[in-house]
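Data block below; observations after.
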2 protein chains.
Amino acid sequence: MTRTSSSTETPTPGVPPARGVPEATVARLPLYLRALTALVERGVATVSSEELATSAGVNSAKLRKDLSYLGSYGTRGVGYEVDFLRHQISREIGLTQDWAVVIVGIGNLGHALANYGGFASRGFRIAALVDADPKRTGEKVAGLEVRHTDELEQLINDLDIHIGVVATPARAAQPVCDRLVAAGVTSILNFAPAIVQVPEGVDLRKVDLSTELQILAYHEQRKNGAALALTAEQAAELAEAVNG
Amino acid sequence: MTRTSSSTETPTPGVPPARGVPEATVARLPLYLRALTALVERGVATVSSEELATSAGVNSAKLRKDLSYLGSYGTRGVGYEVDFLRHQISREIGLTQDWAVVIVGIGNLGHALANYGGFASRGFRIAALVDADPKRTGEKVAGLEVRHTDELEQLINDLDIHIGVVATPARAAQPVCDRLVAAGVTSILNFAPAIVQVPEGVDLRKVDLSTELQILAYHEQRKNGAALALTAEQAAELAEAVNG
DNA sequence: GCAACTTTGTGCACGCCTTCACAAGTGTCC
DNA sequence: GGACACTTGTGAAGGCGTGCACAAAGTTGC
């Protein structure tokens, strides 16, 4: 019924097709998936949009609209069959196949990522760990041997890896991404605090720890009556700005 | 000149004031700050919006509009004075004061966060590390002694902590957040893969590692001609759906 | 002091996302 | 079998963010 993807003929040249699902919706699908998984584990069979929305932390209208982009998987008057919906979303995201992932940079963060259980349980398989430091080569992390960066291209090729996770220091991020892309990786998750450029067709997502804290700090500063947080210097500046 | 905050009288009840700077702009300020810091280190004195935008990975019009919310800190025909602008943004975000932060959950990720250099260099001071496991209590991490969760409220009070970082397992996230809030924390950065609810007035940001990967997987699945990625089962489902 | 050039700051239009509100189904109870 | 209660799916409206395009403002060279 809603397969009217013919009228939406403005594919926005620079952006990949993305069938019909808005980007904002895609970003929320993993959220729904998690909420549904929790419901399955509790043995719940059906759920209304209201309940599911609450446990996913969103508005119920938004949830229904999001799901409507995937199809009509609910039953009016009843709700959604939990297990069925979970499977549909899982398939839409592409979690029914397993994705081989390489982690580059096995420092503190790389360690944490390699050991993070949330990946394996969601269809992501850490297939290779790579570090530039020869001293780390051979070390076992999360049951996997750390390989030297020299082998990066070889590993990507042999293990058919399409997704790379970058957890290197900032200055190494761009060269590493270049090599990943050259070797055939088309999706990169970057944890390094650096802005990296990738060619068109490669998806790049960024997780920046200190950026998140800074955004919090911005709002924090504006609570409790901001005046409380002003230093003498800042107060002087403020006064100057208001009067001048 | 642009201090016409009187006409914008629709403060959106549920949302905190947020003087006049759009949320999307706030989220980019740390980006600009980083780019400016890099310029300072290279000894660059002035920079045009075009250059700064490029090195921050955004559009120059967007950069100028963003900066215009903070004030008129540029010089037409010249550009922005790097050090001055950096200071202004820093002040706007609230990085001129130092923020005491507590990290709850010293597992792999907590370790990585405690050792992450990017916090200290940006006005965030890791003031306390807390873990529920008595075996970890007393352990030294990043030069700080890990304390037991029992001491959480005491530490928050004594050290005047307003920002909490949660790196616990999923099931512990909500109780921990509740305790943080009860003890006076008003900003929380949550790394646990769980949806947590906080009362109004408390800012909550979420960093979810597997969500990011799932978003990448979604797009990855749609590259290379999605048909390639279909399993027999999925193909059958698809055929069924199309034929009805 | 004037003309040519550079770069900022912003009004405006467009598009995406969110939210409301309701018609269209579905189950239940009598 | 019909009335009622419930819930989905979606048209439409409003708000927010982006990017264009240009006026305003400053600099340089003569």
Side-chain angles (χ1 to χ4, degrees), chain A residues 1-5 7-15 18-29 31-32 44-54 56-82 84-85 88-89, chain B residues 1-5 7-15 18-29 31-32 44-54 56-82 84-85 88-89:
Chain A
M1 196 187 293
T2 43
R3 207 38 35 94
T4 53
S5 57
S7 64
T8 322
E9 284 300 342
T10 325
T12 320
V15 178
R19 229 249 316 278
V21 184
E23 194 54 35
T25 296
V26 171
R28 279 187 296 268
L29 291 182
L31 224 66
Y32 304 150
V44 178
T46 57
V47 67
S48 70
S49 65
E50 196 70 51
E51 291 171 288
L52 184 54
T54 302
V58 303
N59 180 308
S60 75
K62 181 148 53 182
L63 170 68
R64 287 198 301 276
K65 178 139 287 195
D66 282 345
L67 294 183
S68 78
Y69 289 116
L70 310 188
S72 274
Y73 295 142
T75 308
R76 295 172 191 229
V78 180
Y80 300 90
E81 213 243 299
V82 174
F84 176 70
L85 183 58
Q88 294 304 326
I89 294 180
Chain B
M1 196 188 293
T2 43
R3 205 41 32 97
T4 52
S5 57
S7 63
T8 323
E9 285 299 342
T10 325
T12 320
V15 177
R19 229 247 318 275
V21 184
E23 194 54 36
T25 295
V26 172
R28 281 188 295 267
L29 291 181
L31 223 66
Y32 303 151
V44 178
T46 57
V47 67
S48 70
S49 64
E50 196 69 50
E51 291 171 289
L52 184 55
T54 302
V58 302
N59 180 307
S60 74
K62 180 150 49 183
L63 170 68
R64 288 199 300 277
K65 179 145 290 194
D66 282 344
L67 294 183
S68 78
Y69 290 116
L70 311 188
S72 275
Y73 295 142
T75 309
R76 293 171 192 233
V78 180
Y80 301 90
E81 212 243 299
V82 174
F84 177 70
L85 183 58
Q88 294 304 327
I89 294 180

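Chain A is the first sequence line, chain B the second, and so forth, proteins listed ahead of strands; every chain is numbered from 1.
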Can you tell me which nucleotide in [options] comes closest to the side chain of [X]?
X: A:Ala61; options: C:dG9, C:dC17, C:dT19; result: C:dT19
X: A:Val78; options: C:dT26, C:dT19, D:dG9; result: C:dT26
X: A:Ser48; options: D:dT10, D:dT18, D:dT8; result: D:dT8
X: B:Ser49; options: C:dC20, C:dT8, D:dG26; result: C:dT8

Give the rounded distance in Å between these two atoms: [atom1] of [X] and [atom2] of [N].
X: A:Leu52; N: D:dT7; atom1: CG; atom2: C1'; result: 13 Å
X: A:Glu51; N: D:dT8; atom1: CD; atom2: C1'; result: 14 Å
X: B:Tyr80; N: C:dT8; atom1: OH; atom2: P; result: 5 Å
X: B:Phe84; N: C:dT8; atom1: CZ; atom2: P; result: 15 Å
X: A:Asp66; N: C:dT18; atom1: CG; atom2: P; result: 7 Å
X: A:Arg64; N: C:dC20; atom1: CZ; atom2: C1'; result: 10 Å
X: B:Glu50; N: C:dC5; atom1: CD; atom2: C1'; result: 16 Å
X: B:Lys65; N: C:dT8; atom1: NZ; atom2: P; result: 15 Å

* To do: Applying side chain to side chain donor-acceptor pair (under 3.5 Å), run through B:Glu51 and B:Thr54 and close with a yes or a no.
  => CA-CA 5 Å; B:Glu51 291 171 289; B:Thr54 302; over 6 Å; no
* Asked: Mapping A:Gly77 and A:Thr25 onto DNA chain C by nearest heavy atom, which one lands closer to the 5' end?
  -> A:Thr25
* Asked: Quick one: on DNA chain C, does A:Thr75 or A:Arg28 contact a more 5' nucleotide (nearest heavy atom)?
  -> A:Arg28
* Asked: Looking at OG1 of A:Thr75 and CZ of A:Phe84, how far apart are the two atoms once the value is rounded to the nearest 0.5 Å?
  ->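 Going from the OG1 atom of A:Thr75 to the CZ atom of A:Phe84 covers 9.0 Å.
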* Do B:Leu85 and B:Leu52 touch side chain to side chain, with heavy atoms closer than 4.5 Å? -> yes
* Asked: Between B:Val58 and B:Arg28, does a side chain to side chain contact (heavy atoms under 4.5 Å, CB included) hold up when you go through it step by step?
  -> CA-CA 9 Å; B:Val58 302; B:Arg28 281 188 295 267; 4.1 Å; yes
* Asked: C:dT8 base to B:Arg76 side chain: any donor-acceptor pair below 3.5 Å?
  -> yes
* Asked: Does the pair A:Tyr73 and A:Tyr80 meet the rule for a ring-ring contact (aromatic ring centres under 6.0 Å, His included), with working shown?
  -> CA-CA 7 Å; A:Tyr73 295 142; A:Tyr80 300 90; 8.7 Å; no
